[in-house]
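Down below is the structure, laid out as structure tokens.
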Amino acid sequence: MSEESRTSIHGQWSSRTAFILAATGSAVGLGNIWKFPYITGENGGGAFVLVYLICIAAIGIPIMMAEVMLGRRGRQSPVNTMAALAAEEGRPASWALLGWLGVVAGFLILSYYSVIAGWALSYVFRTASGLFSGATADGVSSIFTNLVSNPESLLAWHTIFMVATMVIVSRGVKHGIEKAVTYLMPALFVLLIILLFYSMSTGYFSQGLEFMFSPDFSKLTPGSVLVAMGHAFFTLSLGMGAIMVYGSYLPKETSIAKATFMIAVADTAVALVAGMIIFPIVFANNLEPGAGPGLIFQTLPIAFGQMEAGVLIGTLFFVLLVFAAWSSSISLIEPAVAWLVENRGMTRVSASVWCGLAVWFTGIGSLLSFNLWADKTWSLVVFGETLFENKTFFDTLDGLTANIMLPVGGLFIAIFAGWLMKPQSSKKELNTTEKGYTVWINLVRVVAPIAVMVVFLNVVGVIK
Ligand code: PHE
């Protein structure tokens with residue numbers, strides 16, 4: 001197929017804005033609002049945030065440009081895009097494996113992502129019922145504990161969320177994804193700003209800021225640097241083909257550099273604002289910043305219980321959080337669904353049903369991690385270094401995908417785009433200024449791959 005006539009069989013975004021919204025929809029999700037605050041709390045604050053920001057700028061943005069570029073050039077699911085581009089550039093067909101790594105990572109991430117989205121969904125109803133009005137920090141905490149210790153109710157919420165995701169995915173790119181995100185993303189941001197004002201009124205705002213922005217490097221371990229880097233991939237939806245598959249639906253004329261920049265800035269802003277909302281509430285109520293995955297569910301309801309119109313604002317907040325999770329989960333499964341449609345001749349509907357069922361089933365392991373399987377744990381030791389210790393099924397999946405699979409995927413994307421693709425191909429596809437291209441190619445060839453390797457080698461103790 002000649003380059004000019006390539007289009008995706010799955011359709012195309014109606015405009016550049018549609019792509020930016022959809023990709024922002026993918027990027028902004030539970031990662032920003034649920035995960036970023038709790039891992040920042042667990043890893044000691046400021047220094048961790050700084051490493052995360054550096055990873056976004058030096059690794060995330062260049063790799064995101066590479067991913068969109070590969071997707072738009074290949075115009076197929078990541079597996080087939082990698083196969084086609086490898087053939088075009090005279091590289092081994094085994095590059096399709098990179099697409100497969102992404103399919104598996106997306107699948108595993110969605111399985112636990114949906115469980116957490118289920119928590120958010122259940123909080124819509126809890127908040128709306130006025131349950132939190134005037135509740136104490138202890139009361140709010142025990143409401144959370146009651147939820148996660150009940151596997152049947154977690155299963156019900158997880159099931160509802162998975163069904164909703166697969167309904168949108170089965171409707172396809174333009175009708176499903178594009179429409180869903182156009183209004184929701186801006187609305188979420190407005191709500192976050194309202195909550196930010198609440199946090200400013202707690203009297204602990206500056207303490208929150210200090211925790212997030214004054215770096216104490218003694219708190220930084222090789223493990224927390226890995227988590228910060230892994231999170232840069234996770235939050236930008238990188239390293240598994242989600243952004244690649246969205247790039248494959250991108251119209252030819254769009255500037256990839258500008259679009260990427262806007263997406264990364266929006267994503268980072270949401271995470272930082274979420275942190276600035278949560279930590280003042282943590283300190284004002286004498287809570288533990290390192291409380292783990294329940295952190296937002298144990299803090300925000302206190303705010304909703306105290307503030308004017310808290311029932312309304314809180315309910316809206318959880319509704320929007322569910323939508324943000326929804327627009328991310330769609331992109332987690334899209335690479336698998338697109339492949340089934342392309343290679344197995346399935347309709348989008350049956351591809352969605354099969355993928356959804358398999359992900360749903362895997363998710364059961366994660367939801368049990370908070371109750372019946374809470375003491376079934378694993379440890380991983382590599383070269384005598386303990387990589388993780390006593391992790392539940394949920395923690396293990398999260399660590400394996402976000403901190404290992406996504407960075408490995410990103411590393412190979414950078415190597416392919418930077419070293420194995422002819423510069424004239426990448427230059428043509430990126431279509432940016434000479435200077436912009438030089439900066440990008442150096443980041444993608446040298447800075448990003450070395451940074452990822454150094455972080456990995458540091459964790460396994462090969463370099464200290
Ligand atoms: N970026 C999403 C979030 O922050 C999660 C995600 C990861 C989505 C990887 C797609 C791919 O919630």
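Order of listing sets the numbers, starting from 1, for every ligand and every atom in it. Since the model is a prediction, treat every value here as computed from it, not as a measurement.
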> Glu67 and Arg72: salt bridge (Lys or Arg N to Asp or Glu O under 4.0 Å), yes or no, with the steps?
Replying inline: CA-CA 9 Å; Glu67 235 190 281; Arg72 186 167 71 182; over 6 Å; no

> What about Leu238: any of its N or O atoms under 3.5 Å from an N or O on ligand 1?
Replying inline: no

> What is the nearest protein non-hydrogen atom to atom 4 (O) of ligand 1, stated with its residue, atom name and distance?
Replying inline: Ala27 O, 2.9 Å

>> Can you confirm, on distance only, whether ligand 1 has an N/O atom lying under 3.5 Å from any N/O atom belonging to Ser331?
In response: no

> Identify the closest protein heavy atom to atom 7 (C) of ligand 1: which residue and atom is it, and at what distance?
Replying inline: Phe234 O, 3.3 Å

> Quick one: nearest non-hydrogen protein atom to atom 11 (C) of ligand 1, plus distance?
Replying inline: Leu332 CD2, 3.3 Å

> With a 4.5 Å limit on heavy-atom distance, are the side chains of Leu98 and Trp95 in contact?
Replying inline: yes

> Tell me, which protein residue and heavy-atom name are nearest atom 8 (C) of ligand 1, and how many Å apart are they?
Replying inline: Ser237 OG, 3.3 Å

>> Tell me whether the rings of Phe144 and Phe297 are parallel (<30°), tilted (30 to 60°) or perpendicular (>60°).
In response: parallel

> Which residue supplies the protein heavy atom nearest to atom 12 (O) of ligand 1, what is that atom called, and how far is it?
Replying inline: Tyr113 OH, 2.5 Å

> By number and element, which atoms of ligand 1 are closer than 4.0 Å to a non-hydrogen atom of Ser26?
Replying inline: 1 (N), 2 (C), 8 (C), 10 (C)

> Going through the distances and angles, do Lys35 and Asp398 end up as a salt bridge (Lys or Arg N to Asp or Glu O under 4.0 Å)?
Replying inline: CA-CA 11 Å; Lys35 192 172 179 191; Asp398 179 40; 3.0 Å; yes

>> Which heavy atom of Val444 sits nearest to which heavy atom of Ala66, and what is that distance?
In response: CG2-CB, 4.2 Å

> How are the rings of Phe394 and Tyr112 set to each other: parallel, tilted or perpendicular (split at 30° and 60°)?
Replying inline: perpendicular

> Any N or O of Val28 that comes nearer than 3.5 Å to an N or O of ligand 1?
Replying inline: no

> Which word best sums up how the rings of His231 and Phe234 line up, parallel for under 30°, tilted for 30 to 60°, or perpendicular for over 60°?
Replying inline: parallel

>> So, regarding Met240 and ligand 1 (criterion: nitrogen or oxygen to nitrogen or oxygen, under 3.5 Å), is there a contact or not?
In response: no

